[in-house]
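First comes the structure, then the notes that go with it.
Order of appearance sets the numbers: ligands from 1, and atoms from 1 within every ligand. Everything numeric here is computed off the predicted structure, so don't read it as measured data.
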Amino acid sequence: MKYIIGNWKMNLGVRESVALARASLLLLRGKKIAPQMVLCPSTIALSEVRKVVARSGVGLGAQNVAVEDQGAFTGEISARMLSEVGVTHVIIGHSERRHLFGETDELINGKIQKALEYNLIPILCVGETQEERENGQAKKVVTHQIVTALKNVRPKFSETFFIAYEPVWAIGTGETPTTQEIVEMHTHIQSVLGEIFPTAPSSAFAILYGGSVNGENAYAFLRESCVDGLLVGGASVKIHQLKDIVEAACKVLIAQA
Ligand code: 13P
């Protein structure tokens, strides 16, 4: 399987989100072989987008979740609340949350545990900064992020757990690693996961790439067997770009069928 996950970030209001969700679903219509899609609108649009994706097989993802269950945490949204409006997936530890909102690996670990407690499928984001990459620290940084985020985490291996490799320097910049660099990092992530969860079946984890994915580069990334899918930001809110990405995924899946 290949996964296309759209992270709409803070870009669309409720009406625009509903329209984009409808248009995104249409891209899958009539396709016998198609990627698994998950749409991640802003929190305010989750309920309305859920009505669009209901019974379609398309997942509904939140972009964040509180670490606490409930209480005096102004502005936070709990895992139970997300689950109540039909959310299936949740992005955790996105680079923007780490760097703009000060989220630590320890907090991210707590959020993953909370998401799993409420049967939300985590999409854990990891990735190095430009400076860390230049210092040859990329693998070390990603290893640390994964090990800390997954400390004491016991995923149910019946559901796929997502890890998205999103190098910070590639997010929204138009720059990407080479396909070879992505393959190297994904292979590294597979081995880190293998050490943490030696008995996990190979289907337990899906490793996604994210960062300046577009209609042109998607095929080259998706063609790699260690790239289980893409976490798409800017291009997921541009329907023509998303169309090309979905078609690239279909092409790869058909070739593999
Ligand atoms: P862009 O695709 O806009 O670079 O964003 C990637 C991202 O942050 C997805 O979570």
Side-chain angles (χ1 to χ4, degrees), residues 2-12 16-17 20-21 24 27 35-43 45-46 49 58-65 87-101 103 108 111-112 115 120-130 132-133 138 141-142 145-146 149 161-179 181-182 185-186 189 206-222 227-249:
K2 296 284 179 184
Y3 300 89
I4 304 296
I5 303 189
N7 176 6
W8 298 354
K9 307 192 180 182
M10 201 177 73
N11 285 309
L12 305 176
E16 293 162 313
S17 297
L20 181 63
S24 302
L27 299 177
Q36 164 78 55
M37 198 189 269
V38 180
L39 304 177
C40 306
S42 56
T43 310
L46 283 168
V49 170
V58 168
L60 179 65
Q63 298 175 15
N64 186 23
V65 62
V87 165
T88 50
H89 295 66
V90 58
I91 298 173
I92 295 178
H94 189 278
S95 136
E96 285 144 21
R97 300 244 29 116
R98 290 175 189 262
H99 294 101
L100 303 173
F101 301 98
E103 291 200 3
I108 289 162
K111 289 186 173 196
I112 288 185
L120 300 172
I121 299 173
I123 304 163
L124 167 65
C125 300
V126 296
E128 80 285 359
T129 62
Q130 177 79 47
E132 288 159 347
R133 170 183 161 88
V141 167
V142 166
Q145 288 172 335
I146 293 176
F161 187 113
F162 292 90
I163 309 270
Y165 171 51
E166 296 207 307
V168 180
W169 53 273
I171 296 176
T173 60
E175 281 183 58
T176 68
T178 62
T179 306
E181 286 168 331
I182 293 173
M185 185 58 91
H186 281 218
I189 292 173
I207 306 175
L208 314 174
Y209 169 74
S212 295
V213 169
N214 57 40
E216 268 130 59
N217 59 24
Y219 181 71
F221 300 152
L222 287 169
V227 177
D228 296 307
L230 302 169
L231 180 54
V232 187
S236 71
V237 295
K238 298 187 191 93
I239 197 70
H240 295 290
Q241 286 283 327
L242 185 67
K243 179 172 186 278
D244 289 349
I245 295 169
V246 167
E247 278 170 11

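For ligand 1, residues of the protein lying within 4.0 angstrom by heavy-atom distance are N7, K9, H94, E166, A170, I171, G172, G211, S212, L231, G233, G234.
Residues that satisfy the ring-ring contact (aromatic ring centres under 6.0 Å, His included) test with Y165, not counting sequence neighbours, are absent from this structure. With sequence neighbours left out, H94 forms a ring-ring contact (aromatic ring centres under 6.0 Å, His included) with no residue at all. Residues passing the side-chain contact (heavy atoms from CB on, under 4.5 Å) test with Q145 are R98, D105, V126, V141, V142, sequence neighbours excluded.
Going from atom CG of L222 over to atom OH of Y3 covers 13.0 Å, rounded to the nearest 0.5 Å. Between H89 atom NE2 and I121 atom CD1 the span is 4.0 Å, to the nearest 0.5 Å.
Side-chain atoms of K111 and N64 form a donor-acceptor pair, as typed in the model, at a separation below 3.5 Å.
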